[in-house]
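Below, read A as the first sequence line, B as the second, and so on, with proteins coming before strands; counting in each chain starts at 1. Quick caveat, the model's predicted, so the values are computed rather than measured.
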Protein chains: 2
Amino acid sequence: MTAVAPLETETFSPRQNAVLECALKLLVAGGEKALTTAGIARAANCSKESLYKWFGDRDGMLAAMIAFQSSKVRTPAPRHGAPSLEDFTHNLRTFAVDLLTVLGGEVSLALNRLAIGQAGPGNTGLGHLLIEQGRQPIEQRARALLELGRRHGYLAFSDTRQAFETLYGLVVRDAHLRYLLGDAPDNEHELSARAELAVDQFFRLYGRKLLKD
Amino acid sequence: MTAVAPLETETFSPRQNAVLECALKLLVAGGEKALTTAGIARAANCSKESLYKWFGDRDGMLAAMIAFQSSKVRTPAPRHGAPSLEDFTHNLRTFAVDLLTVLGGEVSLALNRLAIGQAGPGNTGLGHLLIEQGRQPIEQRARALLELGRRHGYLAFSDTRQAFETLYGLVVRDAHLRYLLGDAPDNEHELSARAELAVDQFFRLYGRKLLKD
DNA sequence: CACGAACCGTACCGTACGGTACATGCCTTG
DNA sequence: CAAGGCATGTACCGTACGGTACGGTTCGTG
């Protein structure tokens, strides 16, 4: 099919991007019930007919919103070279804080709530889309980071996926679900404290014994 | 307030329980969109008027469903006494498997999807209810288990909450969210393997060095 | 300038839902 | 047996949404 598509920035026109941005704002502000076609058209100063012309139907609109949001996020590649143990630890902590920040972000929460609310026995489309577009980049970045640490002798593991999932669990715990259910996200101080503790625990599980005593 | 209420099975009449059971079945089968008042009345052979008489409105119905479901779950208290290390390890693994099984259960997933879909900027009612009714018992059971292990010298920690959250993260990882988004739950074999690994990791973080070499 | 494409705003249609009202029937109670 | 409460089932109402159709406007193009 479209296996040769080289750039994913061209999936939508600027006008459509603006409309999707408005739709995201609406979703964040009022949840799924506030995301009506009429509401989007009114907020974006466009006609419903254009919405249906561009996105097909409401589900296409939701999928487009997910794709658009994921296209906005650039996953910063960790600068390679030869990081010291301190650098690498700092990288891990930064990743942990970034992860918690992203998961607690308004737009991410709204889209996750949307996909989860839609998910049912048969409706796995949005969910899988969200996993693909939102989760995979994070996992790729984390796996690259972990393997970098292994190459430099700071970490020891055989299964990258297992190591990543452990790190994810230590960092996120049940925070994501609490956020989704409406709990107020933690402040920046708690966030970094959690990240530090999680990375510390992760090193005790997967770090080579380069740490003091 | 009702601190002396010995039995919480009396919150709803048997007839109402049957209706709630039907409503849960509908929710599990078809998601939130299938949970209409007319549908519930038809499936339960009752009238809409009775529904509104018993539960007030639709939100009251949802809250009653959560309360009813949580009232069905009995948290088995770990048998006290003096467990050996093997017993205690087995208890932890059982807890881990139970936790994953509960979180992956159809009813739990459906209710969580419902509450998450409803959750928004102001709508935190159902979410908090779900946290209180569904989460607290599990946490209490786990904390009791952890402190039992500490009393017997198998574990060493100062902050029970921190230890519990670590155990939770190691056991659950991102499984709950994947379930919620529509991923098929893991089979029993994967489940117990995950539980075993998680408990092993937890011992390496919080266990006294009673493990071999 | 003339033409056409794209788009906006609005009006419209069918449907489906939450909630209410009412008529019928069952079952307890005096 | 009579009467009243309680539940069922159906019909009904207002509303709001997804989706479509249409007239008017803007803008690029030959």
Worksheet entry | Nucleic acid footprint by protein, nucleotides 9-23 of chain D - heavy-atom cut-off 4.0 Å, B for base, S for sugar-phosphate alone | B-------SBBBBB-
Worksheet item: So B/Leu130 and B/Arg135, side-chain contact (heavy atoms from CB on, under 4.5 Å) or not? Walk me through it.
Response: CA-CA 7 Å; B/Leu130 200 61; B/Arg135 182 58 149 276; over 6 Å; no
Discussion item. Please tell me if B/Ser50 has a side-chain N or O lying less than 4.0 Å from either OP1 or OP2 of D/dA7.
Written reply: no
Worksheet entry | Enclosure of A/Glu106 CD (heavy-atom neighbours >12, cutoff 6.0 Å) | no
Item to complete: Send over the distance from B/Trp54 CH2 to D/dC6 P, rounded to a whole Å.
Response: 12 Å
Item to complete: Decide, yes or no, whether a salt bridge links A/Glu139 with A/Arg143 under the criterion of side-chain N to carboxylate O below 4.0 Å.
Response: yes
Discussion item. Please determine whether a side-chain nitrogen of the Lys or Arg among A/Glu49 and A/Lys53 lies less than 4.0 Å from a carboxylate oxygen of the Asp or Glu.
Written reply: no
Discussion item. Counting only side-chain nitrogens and oxygens, does B/Arg15 get under 4.0 Å of the OP1 or OP2 atom of D/dT8?
Written reply: yes
Item to complete: For A/Thr101, check side chain to side chain donor-acceptor pair (under 3.5 Å) against everything at least two apart and list the hits.
Response: none
